[in-house]
S.K.: 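If you scroll down you'll find the structure; I have some questions about it.
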There are 2 protein chains.
Amino acid sequence: MGLKLTSNIEDYLETIIMLHKKNRVVRVRDISRKIGLSMPSVCAAIEVLSKKGLVNHEKYGYIELTREGENLGEKIYDSHKILIKFLKEILNTDPQTAEKDACKIEHGFSANTIKRLIAFVKFVETCPHPEGADWLKSFNYFYKYGKRPKGYKVRKIKEKS
Amino acid sequence: MGLKLTSNIEDYLETIIMLHKKNRVVRVRDISRKIGLSMPSVCAAIEVLSKKGLVNHEKYGYIELTREGENLGEKIYDSHKILIKFLKEILNTDPQTAEKDACKIEHGFSANTIKRLIAFVKFVETCPHPEGADWLKSFNYFYKYGKRPKGYKVRKIKEKS
DNA sequence: AAAGAAAGTTAGTCTAATCTAATATTACTA
DNA sequence: TAGTAATATTAGATTAGACTAACTTTCTTT
């Protein structure tokens, strides 16, 4: 029993992490509701996660993440969060679409790409003027009207380094 | 028989488009090799695509896209291309990873998000100085060293508008 | 044109992920 | 505390997508 997970199983793990964060106690029903699948499906998934050593689960009991499960889950959840951030704050997609898209693609990125995306979002966020907020505003204008807003140009100022 | 496609089936369609572009004639074997799956698997998929009216296929013959199949395939392929562009040119991931990641996530984005991404890439590409190429160079530095390169600052110059 | 190679198809099996229906356990409440 | 409601599990069926092995058709090569 290797530790190769299907993206499906990763979804369950991520859901458990999210529920854990707000409830501290996670049950089959909670996952079922959150993820929108039947309880038997959740049970089967928990069984798999348990065999992989990612959760502990006794019959009729709570579901608890192992150390390993938590680490992996956090990683997946991080991907999710950075994607949401990129979609919402940079591309400016509406929240629902962002959430939906992020869920679908979060398992597809390799670790390295995620690292780059994290850096990229940070880079954009911390851009000195005229990038940063204005830069994003400018993109929004560009998206809407197909051209850059008029009214300012920028030029590079060399500093003695 | 609706026109709801699994992303799996979309992969086949996309592969057909790509092969069509370079070979003009597409056979089961070509798809099998390109996509790395057995010929029976390809046959089964072609059967599905055929029932959906996206390809025409007579036994032992070539595979041809219908008008509808071509339209849809192009759309999927467009997503692929814009993702590759974003990954390679903006995030600067290595080509293999870019290709791999793009394949995995290309079915996950909603049409609207793709539109935004297309605009975004264009926006970055056409950024006037100090964005554009320099801006991307700057990001690369940022990715590598965790901070912006020293040596220039920018300031906004208002033009009479 | 006949033989062998390549390509395509069919048949049957497997796994992952889902479901519903039925059963079992636990929790709540009157 | 007894009965009901909520939750959890088991059993069994279904679907999609993959495979191998065996068979059929088409192509190629001598």
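Chain naming here is simple, since letters A, B, ... match the order of the sequence lines and numbering starts at 1 in each.
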S.K.: Aromatic ring centroids of A:F86 and B:F86 under 6.0 Å?
M.R.: yes
S.K.: Whole-Å distance between D:dA16 C1' and B:D11 CG?
M.R.: 14 Å
S.K.: Out of D:dT20, C:dC19, D:dA8, which has the shortest distance to the side chain of A:C43?
M.R.: D:dA8
S.K.: Round to a whole Å and report the spacing from CG of A:L37 to C1' of D:dA8.
M.R.: 16 Å
S.K.: Does B:R148 count as lying over the ring of A:F123, i.e. NZ or CZ under 6.0 Å from the six-ring centre, within 45 degrees of the axis?
M.R.: yes
S.K.: Would you mind telling me which residue lines up with the more 5' stretch of DNA chain C, A:S41 or B:Y60, judged by nearest nucleotide?
M.R.: B:Y60
S.K.: Strictly by modelled atom types, are B:N8 and B:H107 linked by a side-chain donor-acceptor pair under 3.5 Å?
M.R.: no
S.K.: Within this structure, what is the CZ-to-P distance between B:R29 and C:dT9, rounded to whole angstrom?
M.R.: 12 Å
S.K.: Nearest-Å distance, CD1 (B:I63) to C1' (C:dT9)?
M.R.: 12 Å
S.K.: Measure the distance from CD1 on B:I46 to C1' on D:dA16 and round it to the nearest whole Å.
M.R.: 16 Å
S.K.: With a 4.0 Å limit, can you tell me whether B:Y62 has a side-chain N or O closer than that to the phosphate oxygens OP1/OP2 of D:dT26?
M.R.: no
S.K.: Return the value, rounded to whole Å, for the distance between atom CD of A:E47 and atom P of D:dA11.
M.R.: 12 Å
S.K.: Flag the pair B:R27 and B:D30 as a salt bridge only when some basic side-chain nitrogen lies within less than 4.0 angstrom of an acidic carboxylate oxygen.
M.R.: yes
S.K.: Using the side-chain heavy atoms of B:S38, tell me which of these nucleotides is nearest: C:dG8, D:dC19, C:dT20.
M.R.: D:dC19
S.K.: Within this structure, what is the CD1-to-C1' distance between B:I31 and C:dT9, rounded to whole angstrom?
M.R.: 14 Å
S.K.: For D:dT7, does OP1 or OP2 lie under 4.0 Å from any side-chain N or O of A:R33?
M.R.: yes
S.K.: So, is A:N8 close to the C:dA16 phosphate, meaning a side-chain N or O under 4.0 Å from OP1 or OP2?
M.R.: no
S.K.: B:T6 has a side chain; which of C:dT9, C:dC19, D:dA16 sits nearest to it?
M.R.: D:dA16
S.K.: Among the candidates D:dA8, C:dG8, D:dT20, find the nucleotide nearest to the side-chain atoms of B:P40.
M.R.: D:dT20
S.K.: Tell me if the centroids of the rings in A:W135 and A:F142 come within less than 6.0 Å of each other.
M.R.: no
S.K.: Measure the distance from CE on A:M39 to P on C:dT25 and round it to the nearest whole Å.
M.R.: 15 Å
S.K.: By nearest heavy atom, map B:H57 and A:K59 onto DNA chain C; which one lands nearer the 5' end?
M.R.: B:H57
